[in-house]
Amino acid sequence: AFSSPRNTDFLIDIQRVHGIIIDECTFDLHYLCQGIRQRDGRMRIDKSYFYRSKGGRMISFSGSFFECIGSEFEECLDGGLTFQRRATVELLRCRFNNCRADHGGAFHSATTESVHIRECDFNDCHASFIGAAVYFEFKRYGQEMFGCTFNNVTPAKDEAFNVYRRIDDL
């Protein structure tokens, strides 16, 4: 079930749905709202572009499985992605440009499940406090980053907070 922007702060609000696939789409929110909130099920995003969100994270996910491949998030003024509850997360070859938040400008996780971030680029991402680009609320086994790059992120030397395992060179 979907609700319209007049009923929520999100462009798309998804609940009671088994799975969503977003493939080669562009979302330009013109700084009017947040992008997508999904409360149940699975989401797969492939080769899509998300621009200019405001008022909260571009995507807020608390379903069971989230996968994002080859997508771009830009000018997310209140953060890129956030994950809660028991969401398993896989990010591969994504790019985050000019994403900002209090914690984890591009990525914020409070999930209790595995998170793998692979070959992603974080450019001009900024946090007011810690985790310039990536912030894990809790340090847990299964939170891993492989082959990611960080350019012009602040706070400096704090690009990823509470990552269990990180390998910068593949």
Side-chain angles (χ1 to χ4, degrees), residues 1-117 120-138 143 153 160-161:
F2 297 93
S3 62
S4 67
R6 69 178 183 275
N7 296 333
T8 180
D9 293 330
F10 290 88
L11 176 66
I12 302 171
D13 195 358
I14 304 165
Q15 56 187 335
R16 297 184 306 274
V17 173
H18 175 70
I20 297 291
I21 297 173
I22 298 172
D23 189 16
E24 297 186 27
C25 294
T26 299
F27 294 84
D28 187 345
L29 304 182
H30 300 280
Y31 307 115
L32 297 174
C33 61
Q34 299 170 69
I36 300 170
R37 174 171 57 189
Q38 183 170 345
R39 302 176 198 183
D40 306 295
R42 303 166 67 88
M43 178 181 285
R44 178 186 166 96
I45 299 172
D46 197 6
K47 293 181 235 124
S48 294
Y49 301 91
F50 298 84
Y51 299 108
R52 302 190 295 181
S53 64
K54 186 177 177 183
R57 300 277 173 167
M58 175 65 84
I59 296 177
S60 177
F61 185 85
S62 55
S64 60
F65 184 77
F66 180 91
E67 181 179 40
C68 188
I69 301 170
S71 295
E72 186 170 325
F73 299 83
E74 188 165 340
E75 293 186 46
C76 302
L77 297 188
D78 294 301
L81 308 174
T82 188
F83 301 93
Q84 299 91 30
R85 296 195 323 212
R86 297 185 56 93
T88 298
V89 179
E90 299 280 340
L91 298 182
L92 177 62
R93 292 185 305 276
C94 292
R95 181 181 302 261
F96 297 85
N97 300 309
N98 194 26
C99 295
R100 305 167 181 276
D102 286 343
H103 298 94
F107 181 95
H108 177 275
S109 175
T111 182
T112 58
E113 301 302 315
S114 294
V115 175
H116 299 118
I117 303 172
C120 292
D121 297 324
F122 299 91
N123 305 300
D124 299 306
C125 293
H126 307 282
S128 300
F129 301 105
I130 55 179
V134 176
Y135 177 85
F136 288 100
E137 201 165 303
F138 309 104
Q143 297 171 338
V153 299
F161 180 76

Output yes when Asp23 and Arg44 qualify as a salt bridge under the 4.0 Å nitrogen-oxygen rule, no when they do not.
no

Point-to-point distance, once rounded to the nearest 0.5 Å, from OG of Ser62 to CD of Gln15:
10.0 Å

Shortest non-hydrogen contact between Ser71 and Lys47, atoms and distance:
OG-N, 3.3 Å

Flag the pair Lys54 / Asp78 as yes when at least one side-chain heavy-atom distance between them is below 4.5 Å, and no otherwise.
yes

Ile36 to Met43 - nearest heavy-atom pair and separation
CG2-CE, 3.7 Å

Could you give the distance from CD (Glu90) to CD (Glu67), rounded to the nearest 0.5 Å?
6.5 Å

Between Ala127 and Gly131, what is the shortest heavy-atom contact and its length?
CB-O, 3.5 Å

Residues in salt bridge (charged side-chain N to carboxylate O under 4.0 Å, His left out) with Arg52, at least two apart?
Asp28

Taking everything shown except Ile130 itself, do over 12 heavy atoms lie less than 6.0 Å from its CD1?
yes

Are any non-hydrogen side-chain atoms of Asp9 and Cys33 less than 4.5 angstrom apart?
no

Do Asn123 side-chain atoms and Asn97 backbone N/O form a donor-acceptor pair below 3.5 Å?
no

Can you find a pair of side-chain heavy atoms, one from Ser60 and one from Gln84, that are under 4.5 Å apart?
yes

Hey, are the side chains of Ser53 and Gln34 touching, using non-hydrogen atoms and a 4.5 Å cut-off?
no

Please set out all donor-acceptor pairs under 3.5 angstrom arising from side-chain atoms of residues 102-110, sequence neighbours excluded.
{"residue": "Asp102", "atom": "OD1", "partner": "Ser128", "partner atom": "OG", "Å": "3.3"}
{"residue": "His108", "atom": "ND1", "partner": "Thr82", "partner atom": "OG1", "Å": "3.2"}
{"residue": "Ser109", "atom": "OG", "partner": "Thr111", "partner atom": "N", "Å": "3.4"}

Please tell me if the side chains of Glu72 and Tyr51 come closer than 4.5 Å, counting only heavy atoms from C-beta onward.
yes

Nearest 0.5 Å, please: how far is CD1 in Ile45 from CD1 in Ile22?
4.5 Å

Are the side chain of Gln143 and the backbone N or O of Phe138 linked by a donor-acceptor pair below 3.5 Å?
yes

Compare all side-chain heavy atoms of Phe96 with those of Leu91 and state whether any distance is below 4.5 angstrom.
yes

Sequence-distant partners of Phe66, ring-ring contact (aromatic ring centres under 6.0 Å, His included), two or more places apart:
Phe61, Phe83

